[in-house]
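The structure appears right after this line, and notes come after that.
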Amino acid sequence: MIPEKFSFRNYQPRALEIVDTTLRDGQQTSLLHDHHKYFFTRTDKEEIVRALIIYGVKFIELFAPIVSPQERDDFAAIRDVRDGLITQKGYTFLLAHVRCHPRDVESAVEAGADGLNFYIGTSEQSRHFNHGKELDEIITNSTKIIEEVRRNYPHLTLRFSGEDAFRTRPEELFHVYDAVAPHVDRFGTPDTVGVAMPPSVAKRVQSLRERYPNVDLEGHFHDDRGFSLYNALEAVRSGMRFMDTTLLGIAERSGITSMTALLFNLYLDREYDKVEGYNLRGSYPINVLAADKLRMLVPSKEPVSLTNRTHTAGVHQNAVLHNSSVYEAHPFDLFGVSESEILLGPLSGWNIVHYFLKEIRYYQIDEATAKEIAKVFKERVYQLSPDISPEQVLINIAEKEFNLAKLELPETARVQIVQRLDSSTRPTSLTAGIQLPKAVDAK
Ligand code: HCA
């Protein structure tokens with residue numbers, strides 16, 4: 001039993017509460033299958049939960065322990081991680097995602113969940129082709145079990161979602177929610193198949209807020225049309241306080257809103273109260289952690305990624321060497337992307353060839369020679385293979401065809417110059433070497 005001081009009843013929710021569902025909906029991502037990993041190991045889960053709590057997340061959604069013996073045992077291990085961080089980081093609520101079914105509820109209560117995220121499909125598609133129950137039966141079953149749980153376990157925080165809410169007619173959703181409202185703390189309004197657009201989200205949030213002023217709202221937006229981030233932003237702006245997100249936005253099909261993308265955009269929009277309490281500088285590191293668990297790089301479409309500070313085209317490379325603000329408009333440093341990357345390749349120009357050979361590799365080289373070498377490099381670099389990097393091609397040309405000699409620099413002078421231009425010899429420490437000039441704050 002949870003001590004009363006940690007009960008949800010004694011918690012004052014912040015302006016925006018992230019409900020992280022990386023280990024529930026996130027585990028439903030096909031990426032785990034694409035990369036032949038299939039599931040998160042217990043260690044993965046412990047590390048992810050620890051990172052989320054340190055980041056400032058207070059609500060973490062997990063599968064109902066009834067899903068499998070593995071999930072049940074992992075729930076206990078995750079609780080231990082959470083308990084170990086209470087003194088340092090305060091209390092984090094572990095929520096179990098449950099059907100309106102006594103066995104799901106029992107398993108969650110037994111596992112020591114702090115809250116239950118109930119769901120049942122309310123759209124016509126769900127009613128006819130999923131569980132087969134009509135609205136009245138949904139209402140009778142859901143209110144019975146939720147009312148009972150509320151009575152028997154008053155310390156639990158309860159949420160109810162009409163699954164596929166955006167394909168459920170508003171009057172039908174209200175019909176169900178009116179009956180459940182007296183017994184829950186939050187209503188979810190999931191866009192289960194990614195059909196919502198920002199205007200319909202704003203309208204939906206507004207109507208729910210007006211009808212249920214004492215019940216908080218929780219959003220869950222799938223990305224089938226690529227709108228999950230916009231929809232979440234619109235919902236938060238319209239007064240939704242709880243938002244389901246995952247690391248890197250992973251979830252069933254094309255996923256849901258990415259946690260760091262949402263916080264990044266709220267910050268850029270100066271919604272500072274909404275990002276209060278989150279360790280924004282931990283954003284890129286936590287994305288790297290999640291990507292590592294999936295055996296991939298942080299995806300290039302993720303706003304908080306090194307790709308947004310990586311430059312390949314000659315014109316861009318030359319410009320960011322002078323001032324990165326030319327092609328980097330946002331304060332990525334504040335979100336933990338503290339490096340920039342310039343990749344040598346077929347699109348690089350003579351400026352970067354000069355810079356690389358002179359400043360990174362300490363060759364004695366003038367601009368005219370750099371231009372000559374760049375011409376040869378541009379022809380040669382198209383024959384690249386996985387065995388030879390662009391850097392090596394360039395060095396071979398410089399040494400073997402142009403006989404460039406190296407400058408003798410004292411060690412102390414060298415350390416300060418390197419940036420991650422030469423991917424084959426990256427500094428071992430991420431902070432080694434100078435960075436490109438930082439982006440100017442866009443605000
Ligand atoms: C699911 C569907 C769900 C549930 C969301 C919720 C959705 O995977 O069970 O419980 O609010 O998108 O509707 O993720």
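Counting starts at 1 for both ligands and their atoms, following the listed order.
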Could you check whether any heavy atom of [X] sits closer than 4.0 Å to an atom of ligand 1, since that is the contact criterion I want to use?
X: E218; result: no
X: D25; result: yes
X: H97; result: yes

Next item on the list: For the residue pair S389 and E391, confirm or rule out a side-chain donor-acceptor distance under 3.5 Å.
Entry: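 Result is yes, a qualifying pair exists.
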Note to self: Ignoring hydrogens, what is the shortest heavy-atom contact between S340 and E328? Give both atom names and the distance.
What the structure shows: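 Heavy-atom minimum between the residues: OG-OE2, 3.7 Å.
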Which heavy atom of the protein is the closest neighbour of [atom], given with residue, atom name and distance?
atom: atom 11 (O) of ligand 1; answer: S161 OG, 2.8 Å
atom: atom 1 (C) of ligand 1; answer: R24 NH1, 3.4 Å
atom: atom 7 (C) of ligand 1; answer: T192 OG1, 3.4 Å
atom: atom 6 (C) of ligand 1; answer: R159 NH2, 3.4 Å

Item checked: Donor-acceptor under 3.5 Å (S254 side chain, D223 main chain) ->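 Side chain of S254 to backbone of D223: a pair is present.
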Item checked: From R186, H222, E163 - option closest to atom 2 (C) of ligand 1 by heavy atom ->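 Of the listed residues, E163 has the closest heavy atom.
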Notebook entry, point to check: In terms of ring plane angle, is the pair F6 and Y91 parallel, tilted or perpendicular, where the classes change at 30° and 60°?
Noted result: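 Plane angle under 30°, so parallel.
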